[in-house]
Protein chains: 2
Amino acid sequence: MYEQLFSSIRDRVRLADNEAEEIKRFFVPKKIRKRQFLLNAGEVCRYIAFVEKGMLRSFSVDLQGHEQVVSFACEGWWISDLSSFLSGDEAVYNIEALEDSELLLLTTESMEEMLNHIHGMERYFRLLMQNHIVSLQRRLVASLNYSAEDKYRKLLEINPDIISRAPLQHIASYLGVTPETLSRIRKQVSRKP
Amino acid sequence: MYEQLFSSIRDRVRLADNEAEEIKRFFVPKKIRKRQFLLNAGEVCRYIAFVEKGMLRSFSVDLQGHEQVVSFACEGWWISDLSSFLSGDEAVYNIEALEDSELLLLTTESMEEMLNHIHGMERYFRLLMQNHIVSLQRRLVASLNYSAEDKYRKLLEINPDIISRAPLQHIASYLGVTPETLSRIRKQVSRKP
DNA sequence: TTTCGGACTTGATCCAGATCAAGAAAACTC
DNA sequence: GAGTTTTCTTGATCTGGATCAAGTCCGAAA
């Protein structure tokens with residue numbers, strides 16, 4: 001149940017032998033079925049979730065009721081409404097399971113306690129944040145300057161998992177195009193990869 | 001020379017009386033003239049810069065030689081190629097002064113030392129990072145789902161400083177539109193605000 | 001196994017914003 | 001302050017992707 005988590009941590013920091021066991025107790029395992037919501041916009045986001053198995057998406061809903069997919073998370077990724085989690089404000093995003101999933105939840109309090117006890121985790125989360133900023137910035141530049149097809153190809157290259165597992169409509173929203181357009185692009189790309 | 005910096009810090013954390021003086025010594029003041037570069041893509045970004053006065057932009061240049069403005073920084077903002085600064089890799093962004101500017105530079109080593117000495121600064125930088133993530137995410141959603149005019153109006157509302165001080169071509173690039181389009185939008189908006 | 005509803009595809013049309021082109025207005029030279 | 005360069009504006013045209021409108025293809029439920 002904790003394989004993905006420890007592999008994510010050990011990719012970034014060195015753990016003492018006993019620390020791995022210690023770390024486990026800060027997390028609450030949770031199974032969630034396809035289509036269930038982990039978070040509804042308007043609630044306070046009480047935890048960040050690490051995905052051991054399965055896949056989720058976060059999305060906002062605008063005034064006209066259109067959904068905007070903000071992120072996906074497969075095995076080895078974290079997902080949350082960071083702003084709400086860290087500040088305690090109401091969440092603006094919803095989080096929904098796209099497959100039956102197994103999560104490890106970390107509350108604000110557990111996180112704080114863990115950071116105090118296990119020094120390496122401070123570094124782990126700082127590295128995560130940094131990577132997150134870098135990848136958001138890349139996505140932003142891509143969204144402003146690339147064509148729909150180029151954005152699709154880039155996603156296919158960097159995150160083929162998402163392409164193969166998420167439904168087309170959600171990928172379309174994530175890329176900022178309509179499902180019709182993505183369907184055409186997909187045909188195009190499968191013809192001339 | 002340090003007014004903006006301390007106001008930025010005191011907005012987020014409480015400082016002991018003597019700490020303000022202590023903090024100063026970690027920074028290197030630097031004046032930079034309009035059109036000078038603080039960072040060239042390909043170099044390693046050795047510091048993050050706090051803007052006491054003036055204005056800068058960061059931008060990348062793609063394979064066809066087109067510039068893509070990633071961020072602006074006026075008084076009270078930080079600017080850097082975070083990825084390069086934190087990892088020591090080559091910078092992908094350039095940083096250029098758009099006005100004669102006064103900066104406070106913080107190197108990796110100074111930063112580390114400061115974080116060890118003055119505990120509140122750890123929190124300060126964590127809060128900065130968080131805010132940065134939240135605002136990047138907002139910008140991303142806007143860039144994918146808003147019309148050019150809406151993005152312009154949003155920027156005008158949130159950051160009128162940028163609109164009034166940066167040259168049109170750079171604002172256009174920041175918003176992901178052509179200068180021609182932004183010129184027309186501007187006329188439109190000035191007519192019907 | 002049929003049947004129903006959502007998810008995907010395909011085609012026709014439309015439009016926001018790009019591109020191309022040419023002036024007008026600032027902004028740096030000397 | 002005249003001349004040169006750069007930036008901005010305006011107009012005409014073009015195009016990637018949106019929108020609208022049918023289908024078609026599932027998978028789940030009975």
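Proteins get letters first, then strands, A, B, ... in listed order; numbering begins at 1 in each. Only this structure's heavy atoms are used, side chains among them; waters, hydrogens and symmetry mates stay out.
Residue B/Phe85 forms a side chain to side chain contact (heavy atoms under 4.5 Å, CB included) with just one option from B/Leu106, B/Ile48, B/Leu39, B/Val44, and that option is B/Ile48.
We find that NZ of A/Lys151 is positioned 11 Å from C1' of D/dG16, with the value rounded to whole Å. Whole-Å rounding puts the A/Gln188 CD to C/dC8 C1' distance at 18 Å. Distance, B/Glu149 CD to C/dC15 C1': 15 Å, rounded to whole Å. If you take CG of B/Leu168 and C1' of D/dT6, they are 13 Å apart, rounded to a whole angstrom. Distance, B/Leu182 CG to C/dA18 C1': 14 Å, rounded to whole Å. Taking atom CD of A/Glu180 as the reference point, atom P of D/dG23 lies 16 Å away to the nearest angstrom. To the nearest angstrom, P of D/dT5 lies 18 Å from CD of B/Gln169. B/Asn145 has its CG atom 17 Å from the P atom of C/dA16, to the nearest Å.
Salt-bridge formation is not detected for the pair A/Glu157/A/Arg153: no Lys NZ or Arg NE/NH1/NH2 atom is positioned less than 4.0 Å from an Asp or Glu carboxylate oxygen. We find that B/Lys24 and B/Glu21 are joined by a salt bridge, their nearest charged nitrogen and carboxylate oxygen being less than 4.0 Å apart. With salt bridges taken as basic N to acidic carboxylate O contacts below 4.0 Å, none links B/Asp100 and B/Lys34. Using a 4.0 Å cut-off between charged side-chain N and carboxylate O, B/Lys192 and B/Glu149 make no salt bridge.
For C/dC28, the OP1/OP2 oxygens have a side-chain nitrogen or oxygen of B/Lys34 closer than 4.0 Å. Between A/Thr178 and D/dA18, a side-chain N or O to OP1/OP2 separation shorter than 4.0 Å is present. For D/dT10, the OP1/OP2 oxygens have a side-chain nitrogen or oxygen of B/Lys187 closer than 4.0 Å. Between A/Thr181 and the phosphate of D/dG17, there is no side-chain N or O to OP1/OP2 separation shorter than 4.0 Å.
Between B/Ala148 and A/Arg184, it is A/Arg184 whose nearest contact on DNA chain C lies nearer the 5' terminus.
Using a 4.0 Å heavy-atom cutoff across all strands shown, A/Pro179 reaches no nucleic acid atom at all.
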